[in-house]
There are 2 protein chains.
Amino acid sequence: MKPKYNIPCNIAQSLNIIGDRWTLLIIHEILNGNTMFNEIKKALNGISSNLLSERLRYLEEEGLIVSELYSQHPPRYSYNLTTSGRDLEHVFNALIVWGSNHLKKCYKRLIDPSTGDEVGIAYYSLKTGEMVHDIQVVEELTESRN
Amino acid sequence: MKPKYNIPCNIAQSLNIIGDRWTLLIIHEILNGNTMFNEIKKALNGISSNLLSERLRYLEEEGLIVSELYSQHPPRYSYNLTTSGRDLEHVFNALIVWGSNHLKKCYKRLIDPSTGDEVGIAYYSLKTGEMVHDIQVVEELTESRN
DNA sequence: TTTACAAAGTTGATTTTTTGAACTTAGTAT
DNA sequence: ATACTAAGTTCAAAAAATCAACTTTGTAAA
């Protein structure tokens, strides 16, 4: 079945869910308000129906989107993000910022709407809310038997 | 040749460079100090030599890594990140944070090493350095002829 | 009341990628 | 000599993505 990364790392495990071709772009379109099958298909120049259909099904299984029946009789669904899908926004923003710095041609930028200043990625403490200038990745202790 | 997303968006264009299977994980291993071919291969359980070799070649073409000859006679290279490769760190961190909130099993967390507090993603103004609480994605104006 | 058209898919053949295993080349260690 | 390692390359087999055609239910127009 699905070929998955068998690597003990958040990044690899996250990519097992959102790393397939088109997947992040599909979520991004839904985030941008394109909630219907054909809206998404039209926005994603080149994706085929069967693949879009399969990806949507998989993302729903994984809990990143929910499909809502908006017409009974020809059954028609609109696709919306769950919290976990919406939380990918920071990943999108990190990609937009990276792209604006390193792509030959940049299409989008992140700005502070109150000042117009361009913004970059930072980190803040969940406890205090203050910006944190130095960060560290720590390994979760593997809980052994007890 | 390479199937690429033909979509005018930083995210799609960035994924054209770093969105192939294994690519982000390879860069992440180099960032973590695994700079030799077999170190990367060993860390990435399941990747095959030919694919690793092809991905490294492509990433060098795209300017995300540089290979440095460290032994002349059996030609041996070590792989290191350029600035553009290193700048993907924010993307990795965004994925680590997303994973720590939404994966069934979390392997890593981001903390402030001075306090031990867990951290989340924020944004700051490139001009003032201050944290920005509201952000907006703006489309780059397409430069027409002049 | 046919005819046309759209939305949301499904089916199946073709093409492209990825995997997996074996092989190579140059060198070091025993 | 023999074994073993690093860093790949080559090629066959398997898996995934693309592409085009088709289906189903319904709405709009002639």
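The analysis underlying the following values was restricted to heavy atoms, covering all of them including side chains, and did not include hydrogens, waters or symmetry mates. Below, chain A is the first sequence line, B the second, and so on; all start at residue 1.
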Is there a side-chain polar atom (N or O) of [X] under 4.0 Å from OP1 or OP2 of [N]?
X	N	result
Ser53(B)	dA7(D)	no
Tyr79(B)	dA6(D)	no
Arg21(B)	dA16(D)	no
Arg57(A)	dT10(C)	yes
Trp22(B)	dT17(C)	no
Arg55(B)	dT18(C)	yes

Divergence of helical axes at both termini of the helix from dT1(C)-dA30(D) to dT30(C)-dA1(D) - five pairs an end, 10° steps: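 Both end axes considered, the difference amounts to 0°.
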Residue among Ile30(B), Asn80(B), Thr35(B) satisfying side chain to side chain contact (heavy atoms under 4.5 Å, CB included) with Ile65(B): Ile30(B)
Verdict with supporting geometry, Glu130(A) and Ser125(A), side-chain hydrogen bond (donor to acceptor under 3.5 Å, both in side chains): CA-CA 6 Å; Glu130(A) 291 296 301; Ser125(A) 160; over 6 Å; no
Pair of N/O donor and acceptor under 3.5 Å linking dG20(C) base with Asn50(B) side chain: yes
Those residues of residues 35-46 of chain A lying under 4.0 Å from DNA chain C by at least one heavy atom: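 Heavy-atom contacts with DNA chain C come from Met36(A), Phe37(A), Asn38(A), Lys42(A).
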Salt bridge (Lys or Arg N to Asp or Glu O under 4.0 Å) partners of Glu118(A), counting only residues at least two apart: Arg109(A)
Length of the line joining Glu54(A):CD and dT10(C):C1', which is rounded to integer Å: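 Taking atom C1' of dT10(C) as the reference, CD of Glu54(A) is at 12 Å.
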Cationic tip of Lys41(A) above Phe37(A) ring, under 6.0 Å, 45° of axis: no
